[in-house]
S.K.: 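I am attaching a structure below and will ask some questions about it afterwards.
Quick note: numbers below take in every heavy atom, side chains included, and nothing from hydrogens, waters or symmetry partners. Within every chain, numbering begins at 1; the chains are lettered A, B, ... in the order of the sequence lines, protein sequences first and strands thereafter.
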Protein chains: 2
Amino acid sequence: MPRSESTTASAPPARVTIAHVARRAGVSPTTVSHVLSGKRVVGETTRRTVLDAISELGYRPNHVARHLRTRQSHVLAVLVPDITNPFYAVLTRGLADAVDAAGYGTFVCSTDGQHDRERKFFQDVMDRGVDGIVFASGELASEITFGPGDLTTPIVCVGDHLDHPLCDAVIPDDEAGSRDAAAFLAERGYARIAMIQGPPRYGTARTAGFRAAMQVARQRVPPEMMVRGDWTRKGGYQAMQALMTLPTRPDAVFCANDLMAIGALDVAHELGLSVPDDVAIIGFDDVDAATIVTPQLTTVRNPAYDLGSAAGDLALSRLSGRYRGAGRTVVLPCPLVERGTA
Amino acid sequence: MPRSESTTASAPPARVTIAHVARRAGVSPTTVSHVLSGKRVVGETTRRTVLDAISELGYRPNHVARHLRTRQSHVLAVLVPDITNPFYAVLTRGLADAVDAAGYGTFVCSTDGQHDRERKFFQDVMDRGVDGIVFASGELASEITFGPGDLTTPIVCVGDHLDHPLCDAVIPDDEAGSRDAAAFLAERGYARIAMIQGPPRYGTARTAGFRAAMQVARQRVPPEMMVRGDWTRKGGYQAMQALMTLPTRPDAVFCANDLMAIGALDVAHELGLSVPDDVAIIGFDDVDAATIVTPQLTTVRNPAYDLGSAAGDLALSRLSGRYRGAGRTVVLPCPLVERGTA
DNA sequence: TAGCCCACCCAAAACGATTTGAGCCTGGAG
DNA sequence: CTCCAGGCTCAAATCGTTTTGGGTGGGCTA
């Protein structure tokens, strides 16, 4: 005889299992399982009895046991460089909101962008049996992180493709966003438009978009109008200083991210320049700080929330079996949000 | 005979289990388990053999099965109002860093501060079998959220106590932080110090700290110098306007949070007042935006990272069995960080 | 009355580990 | 030579579900 024949005395408050419910309802565990899952039809009266027993006993299904049997944890892992970075926090929230309704939870890992941590966490969440992984960490660290090709867990890469079947991707359309921003400046009549880029090899799509727009507008961009920063406010400050000491100053500056744009804004203020009359500034990302500065920063929105949300949908479509096939790529628009600096 | 007698052909890449390892090493699963856990000593030579088999087969233990048996998931849940809020993101990171080394991962839930979501997520993570819960959501929602007292999972409340055995708490010393800030202003010679408080019934400790310092400094604070905002920048703006239209203006303002302080700063700028010479401003929280505004905001740090980290330590001490006893409360200091506005 | 089909329900085998009582050797002591 | 202790190892039960292949009884048709 199995166990707990002493339903009489008060043992340590043992977890109430499906077997208890079955005993109470006078049916077999099988039947209880079936009324719970609805996978097989159960007579209405027994169904009632079972349901009653469940609520009387306060039964709660054990996810772990279920997981062991079904191999479904209903957990998605999300690997980001740093949850402390608002962009990734928002992305994570978008993901969580998207999959919550389907009963999925999210397991968050901050990798600090280090390959070894990426690998460690990747292994870890695999071992933990997550149903899918959203990989938003590392520019191209992907192939290093994953082992050989025997991958059976759906993976969604954010911000970067990854050549792997089963691996979907969602990426923001940096190029179009930048193009729109630059075109916007040109249309407004600015004639000497400069750009503060990111470090070499980074953010190339944003630069490409900028160049494309300039070409369409038939504006030549002299090399000295293309300077670089290191993504930081200070880097933007220095780059802007370089621009403003040029013999012919630019009358508009497109910055590859908001932090650098804020640095540029600092310079404008110091020089007593009026923004956007003397010089216009547009950033990229639409971080919180963009609305803190004065005037509020005109910028291009990096759709963090939507990226996370889309990643969630992609993962869900595979997990539900709704989609099975080659890796998809969805690209999301980066809309220009007009505020006070352009 | 159990299964997989066809180790010959290439089946779907079945998970390699402890049984495979055992077969390969010519021992029983028991022995493999023992070399893995070290709970019982095994002969050196067999140990070697087993270890070899493990690495040859690329065996990885199944956490789920282990969890089912041992009832330990090595996962901590953290319930926050919104992971998008940098304060909670940082707190979460502190927690994750603290427990990572011990092999614990973190499962994040954004409750939006709504009781029903709190309850839902609370149930959810309990059902998922997390080993502990860090509850950083809701000012006093606690007792509503948890069911009756039969709680066996360690809980750590952040920012609020909760009368429950097994329930630890970690709280920031708002009162001392506010006291220090106000005392700092008084020492600097400011003589008409005002305060922008939060809404009624909120942030009372910060108000108390302010009053205590004023008392020590023997400064009377007339009622019109104590105004209220709603935690937002706009609320701070309006409150500051009210203060500045007083017959005798304050020469220093302590704000119950940074956002309101930034709103106050806006007013000062509009009025052409020099900060901190004409009017000093101190905020509370030390959010990122505090270093964005000019001059940079002098404020009191709300130690988000440390709160999370401490919560992790508290949970760990119980999970490891190192501590078993009544609920503890650790209070963390909120240091004044001097910058440009005071 | 015999034969069938349905509608329901159950037994038992997984899932992949941990845990414990017991068995098998091998030496050394008596 | 017998016995016992100790060191290793194993079999079997357990954790709480899900999943199938069967049963069982009643109603309907011929």
S.K.: In whole Å, I'd like the distance from the NE2 atom of H67(B) to the C1' atom of dT17(D).
M.R.: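 Computing the H67(B):NE2 to dT17(D):C1' distance gives 14 Å.
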S.K.: Could you state the atom-to-atom distance from CD of Q72(A) to C1' of dT18(D) in whole Å?
M.R.: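 Rounding to the nearest Å, CD of Q72(A) and C1' of dT18(D) are 12 Å apart.
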S.K.: Is a donor from one side chain sitting under 3.5 angstrom from an acceptor on the other, for Q123(B) and R60(A)?
M.R.: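 Yes, R60(A) and Q123(B) have a side-chain donor paired with an acceptor closer than 3.5 Å.
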S.K.: Would you give me the side-chain donor-acceptor pairs under 3.5 Å for residues 75-85 of chain A, sequence neighbours excluded?
M.R.:
unit_1: D82(A); atom_1: OD1; unit_2: T84(A); atom_2: N; d: 3.0
unit_1: D82(A); atom_1: OD1; unit_2: R93(B); atom_2: NH1; d: 2.9
unit_1: N85(A); atom_1: OD1; unit_2: F87(A); atom_2: N; d: 2.9

S.K.: Would you tell me if any nitrogen or oxygen in the side chain of T30(A) comes within less than 4.0 Å of OP1 or OP2 on dA11(C)?
M.R.: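 Looking at the OP1 and OP2 atoms of dA11(C), neither is under 4.0 Å from any side-chain N or O of T30(A).
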S.K.: For a 4.5 angstrom cut-off between non-hydrogen side-chain atoms, does V27(B) reach V50(B)?
M.R.: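 Yes; the side chains approach each other to less than 4.5 Å.
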S.K.: Will you find, in the side chains of S317(B) and R328(B), an N or O donor that is under 3.5 Å from an N or O acceptor?
M.R.: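 Checked: S317(B)/R328(B) side chains pair up, N/O donor to acceptor below 3.5 Å.
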S.K.: Checking H63(B) now: which residues fulfil ring pair (Phe, Tyr, Trp, His ring centres under 6.0 Å) with it, not counting sequence neighbours?
M.R.: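 Ring pair (Phe, Tyr, Trp, His ring centres under 6.0 Å) list for H63(B), sorted by chain: empty.
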S.K.: Using the test side chain to side chain donor-acceptor pair (under 3.5 Å), find all partners of D306(B) that sit at least two apart in sequence or belong to another chain.
M.R.: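 D306(B) satisfies side chain to side chain donor-acceptor pair (under 3.5 Å) with no other residue.
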S.K.: In whole Å, I'd like the distance from the CD1 atom of I18(B) to the C1' atom of dA12(D).
M.R.: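 Spelled out: CD1 on I18(B) to C1' on dA12(D) is 15 Å.
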S.K.: Nearest to the side chain of T31(B), which nucleotide is it out of dT17(D), dA17(C), dT9(D)?
M.R.: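 Of all the options, the side chain of T31(B) is nearest to dT9(D).
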S.K.: Counting any heavy atom closer than 4.0 Å, what does V64(A) reach on the DNA or RNA strands: base, sugar-phosphate only, or nothing?
M.R.: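 No contact.
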S.K.: Which of these, L314(A), T329(A), I155(A), sits in a side chain to side chain contact (heavy atoms under 4.5 Å, CB included) with C167(A)?
M.R.: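 The option that passes is I155(A).
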S.K.: If I take atom CZ in residue R128(A) and atom C1' in nucleotide dA17(C), what distance separates them, rounded to the nearest angstrom?
M.R.: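 Roughly 16 Å, once rounded to whole Å.
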S.K.: Figure out the NE2/C1' separation between H63(B) and dC15(D), and round it to whole Å.
M.R.: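 Distance, rounded to whole Å: 17 Å.
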S.K.: So for the helix from dT1(C)-dA30(D) to dG30(C)-dC1(D), with five pairs setting each end axis, what is the inter-axis angle to 10°?
M.R.: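 Here the helix ends are tilted 70° relative to one another.
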S.K.: On DNA chain D, compare the nucleotides closest to P29(B) and L68(B); which residue's is nearer the 5' end?
M.R.: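 The residue mapped nearer the 5' terminus is P29(B).
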S.K.: Can you check whether R15(A) has a side-chain N or O nearer than 4.0 Å to OP1 or OP2 of dC15(D)?
M.R.: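 So the side-chain polar atoms of R15(A) never come under 4.0 Å of the phosphate oxygens OP1 or OP2 of dC15(D).
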S.K.: Check side chain to side chain donor-acceptor pair (under 3.5 Å) between R322(A) and all other residues, then give those that pass, not counting sequence neighbours.
M.R.: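 By the side chain to side chain donor-acceptor pair (under 3.5 Å) rule, R322(A) matches S320(A).
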S.K.: Roughly, in whole Å, what's the span from CG in N62(A) to C1' in dT18(D)?
M.R.: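 So the CG-C1' distance, N62(A) to dT18(D), works out to 13 Å.
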S.K.: Return yes if the base of dT18(D) and the side-chain atoms of R69(A) contain a donor-acceptor N/O pair under 3.5 Å, otherwise no.
M.R.: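 Looking at the base of dT18(D), it does pair with a donor or acceptor on the side chain of R69(A) (distance under 3.5 Å).
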S.K.: Determine whether a donor-acceptor pair (one donor, one acceptor, N or O, separation below 3.5 Å) exists between the side chain of S28(A) and the base of dA11(C).
M.R.: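 Donor-acceptor pair under 3.5 Å: no.
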S.K.: Per the atom types in the model, does the base of dA17(C) pair as donor or acceptor with the side chain of T70(B) at under 3.5 Å?
M.R.: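 Result: no qualifying N/O pair found.
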S.K.: Less than 4.0 Å between a side-chain N and a carboxylate O, is that true for D124(B) and K120(B)?
M.R.: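 Not counted as a salt bridge, because no side-chain N and carboxylate O are separated by less than 4.0 Å.
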S.K.: Whole angstroms only, please: what is the NE2-C1' distance between H34(A) and dG16(D)?
M.R.: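 In whole Å, dG16(D) C1' lies 15 Å from H34(A) NE2.
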S.K.: Provide, to the nearest angstrom, the distance between the CZ atom belonging to R66(B) and the P atom belonging to dG16(D).
M.R.: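 The answer, rounded to whole Å, is 18 Å.
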S.K.: Listed in order of residue number, which residues of residues 36-61 of chain A have a non-hydrogen atom at under 4.0 Å from DNA chain C?
M.R.: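 R40(A), V41(A), V42(A), G43(A), T46(A) - these, ordered by number, are the residues of the stretch whose heavy atoms sit under 4.0 Å from the strand.
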S.K.: Could you check whether D168(A) pairs with R318(A) (Lys NZ or Arg NE/NH1/NH2 to Asp/Glu carboxylate O, under 4.0 Å)?
M.R.: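 Salt bridge between D168(A) and R318(A), a charged N being under 4.0 Å from a carboxylate O: yes.
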